[in-house]
Amino acid sequence: NNSWCGKMEIHQFVDGEENIQTIDLRDYEEKDVTLKHFMAGQDLLIPLTKGDYLIYHPDDSGVSGESPLSSSKSGIGQALIGIIMYSESGEVDFSDFTLNYFIKKSYFAGTEGIVYLSLFAIWLLVFAFSLVVSLLILHFEGRLYGSNRMLEEAFKLCAAVSDIKDPYTKEHSYKVAKYARLIAEQMGMDKADCENVYYVAMVHDIGNYFIAGQILRKGEKLSRDEYEAIKSHTTKGAELLKDMVSLPHAVEGAMYHHERYDGSGYPMGMKGDDIPLIARIIAVADAYDAMSSDRAYRSRKTIEQIKQEMNEQSGLQFDPVIVKVFMEIIDNLDR
């Protein structure tokens, strides 16, 4: 009817095929109506049969007084709906008709809807940001893994160079590095410091490369000159590592790992806590691997012999605090 307010979406089934059209009954051209219809004066008649249905779209411009049904608690608003029925055959028995209607609540209407949309938009932004960050982290971790692997292989190569001249010290530097890191972890040092201890210990004997192989492999007592040559591996290693600024304490580890806690070590004769901590840690790890390995001048010692010697040298050769920490993990070490 031309006095109708709003648009009507009409679903009409003809010969099993659904035809859909939205018509503003206040403003339409008959030629634009694609549904089966008739005209009665100024009225557009669209016959409906079982299965056909309508969806009413109220005019929310404010001119007609209509508005979509509100979901607010203060009021439900209004939607002016009128239904006109025509019959071509006279009176109609309305007992055969059923009117079904549905009200669908919009979650996007009113203040609650605005809040919901705002939160949803924020969630989308956070999700997108998190996704981008996650992808960047995965990419970075992949590159970091590759870099760490290269770094590990480079230091293992340096460790191999340190030990290459003496078959009895094969993998010595690598094993000392593992033990030193375990000591650092047991002492409660953070991950970065433990990794630093590990890599410094890996190159602590790098100065051995400059020592003659026959001296390193000698199974008898060293002469004074040979012993001085052996001692020089500390200063030669420190000299080689002095420009390695990316590895903190590398020079200290190479230079001072043969200092003794009582001050009788070399090359500087440092004593007690004046010896850098990293060198005191490496000294214990170094001595353990030396005692637990076969050497040209003796066979390896048993774990009980090692414990006894380390405890006897606690406060003399070794830092007693580090010896105590090492005793807590020694039984679980791979020899």
Side-chain angles (χ1 to χ4, degrees), residues 148 151-164 166-208 216 233-234 237-238 241 247-261 265 273 275-295 298-335:
N148 286 342
L151 182 66
E152 179 82 9
E153 291 176 351
F155 274 92
K156 283 185 177 180
L157 178 61
C158 291
V161 169
S162 303
D163 306 330
I164 195 170
D166 185 359
Y168 284 97
T169 59
K170 183 179 181 181
E171 293 191 343
H172 166 70
S173 296
Y174 175 63
K175 289 188 289 185
V176 170
K178 289 196 302 180
Y179 303 145
R181 178 164 58 185
L182 290 172
I183 294 172
E185 291 172 349
Q186 189 69 14
M187 293 176 68
M189 299 173 68
D190 64 36
K191 184 177 180 180
D193 288 337
C194 291
E195 289 300 297
N196 182 247
V197 169
Y198 174 73
Y199 287 119
V200 170
M202 195 92 77
V203 295
H204 79 283
D205 267 346
I206 192 73
N208 280 343
L216 293 173
H233 83 279
T234 56
L241 297 172
L247 185 64
H249 311 297
V251 171
E252 297 172 0
M255 176 77 85
Y256 304 122
H257 67 276
H258 281 293
E259 299 288 355
R260 293 172 61 97
Y261 200 74
D273 291 346
I275 305 170
L277 176 60
I278 196 166
R280 284 180 272 148
I281 292 174
I282 293 173
V284 173
D286 187 29
Y288 171 76
D289 185 64
M291 287 187 282
S292 62
S293 304
D294 291 320
R295 292 297 170 93
R298 59 152 177 81
S299 299
R300 71 178 68 188
K301 296 184 178 183
T302 67
I303 191 69
E304 294 304 322
Q305 289 173 327
I306 295 172
K307 287 181 181 180
Q308 180 180 347
E309 184 164 341
M310 282 198 164
N311 284 319
E312 289 174 353
Q313 291 298 316
S314 177
L316 298 176
Q317 182 177 350
F318 308 119
D319 182 334
V321 174
I322 297 176
V323 170
K324 182 179 178 181
V325 170
F326 191 63
M327 289 300 110
E328 295 172 357
I329 63 174
I330 190 171
D331 291 322
N332 297 321
L333 299 179
D334 296 327
R335 300 181 64 188

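Positions are given from 1 along the sequence.
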Show, in sequence, the C-alpha distance, side-chain angles and deciding distance for Glu312 and Gln308, and conclude whether the side chain to side chain donor-acceptor pair (under 3.5 Å) test is met.
CA-CA 6 Å; Glu312 289 174 353; Gln308 180 180 347; 3.1 Å; yes
Would you please name every residue forming a side-chain hydrogen bond (donor to acceptor under 3.5 Å, both in side chains) with Tyr198, sequence neighbours left out?
Glu152
Taking all non-hydrogen atoms of both residues into account, name the closest pair between Ala238 and Ala254 and its distance.
N-CB, 3.9 Å
His249 side, atom NE2; Leu241 side, atom CG - distance, nearest 0.5 Å
13.5 Å
Below 4.5 Å, heavy atoms only, C-beta onward: do Arg300 and Ser292 meet side chain to side chain?
no
First locate atom CD1 of Ile322, then atom CD1 of Ile183, and finally report the distance between them rounded to the nearest 0.5 Å.
7.0 Å
I need the minimum non-hydrogen distance between Ala177 and Met202, along with the two atoms involved.
CB-N, 3.8 Å
Test Asp289 against Lys178 for salt bridge (charged side-chain N to carboxylate O under 4.0 Å, His left out), laying out the working first.
CA-CA 10 Å; Asp289 185 64; Lys178 289 196 302 180; over 6 Å; no
Distance, nearest 0.5 Å, that separates NE2 of His257 from OG1 of Thr234
7.0 Å
Between Asp193 and Met189 the two heavy atoms that sit nearest each other are CB-CE, 3.7 Å
So, do Met291 and Gln305 sit near enough that their side-chain heavy atoms are less than 4.5 Å apart?
no
Does Asn332 have any side chain to side chain contact (heavy atoms under 4.5 Å, CB included) partners at least two apart in sequence or in another chain, and if so, which?
none
Leu333 and Phe326, any side-chain heavy atoms less than 4.5 Å apart
yes
4.5 Å side-chain heavy-atom contact, Val323 and Gln313
no
Quick one: are Ser293 and Lys175 in side-chain contact, heavy atoms under 4.5 Å?
yes
Value for NE2 (His204) from NE2 (His233), rounded to nearest 0.5 Å, stands at 6.5 Å
Using the test side chain to side chain contact (heavy atoms under 4.5 Å, CB included), find all partners of Leu247 that sit at least two apart in sequence or belong to another chain.
Phe155, Asn196, Tyr199, Val200, Val203, Met244, Ala250
Glu309: which residues meet the salt bridge (charged side-chain N to carboxylate O under 4.0 Å, His left out) condition with it, sequence neighbours left out?
Lys301
With ring-ring contact (aromatic ring centres under 6.0 Å, His included) as the rule and sequence neighbours excluded, what pairs involving residues 304-323 come up?
none
Distance-only criterion, 3.5 Å: show the donor-acceptor pairs between side-chain atoms of residues 275-287 and protein atoms not counting sequence neighbours.
from	atom 1	to	atom 2	distance (Å)
Arg280	NE	Ile275	O	2.8
Arg280	NH1	Asp273	OD1	3.3
Arg280	NH1	Asp319	OD2	2.6
Arg280	NH2	Ile275	O	3.2
Asp286	OD1	His172	NE2	2.7

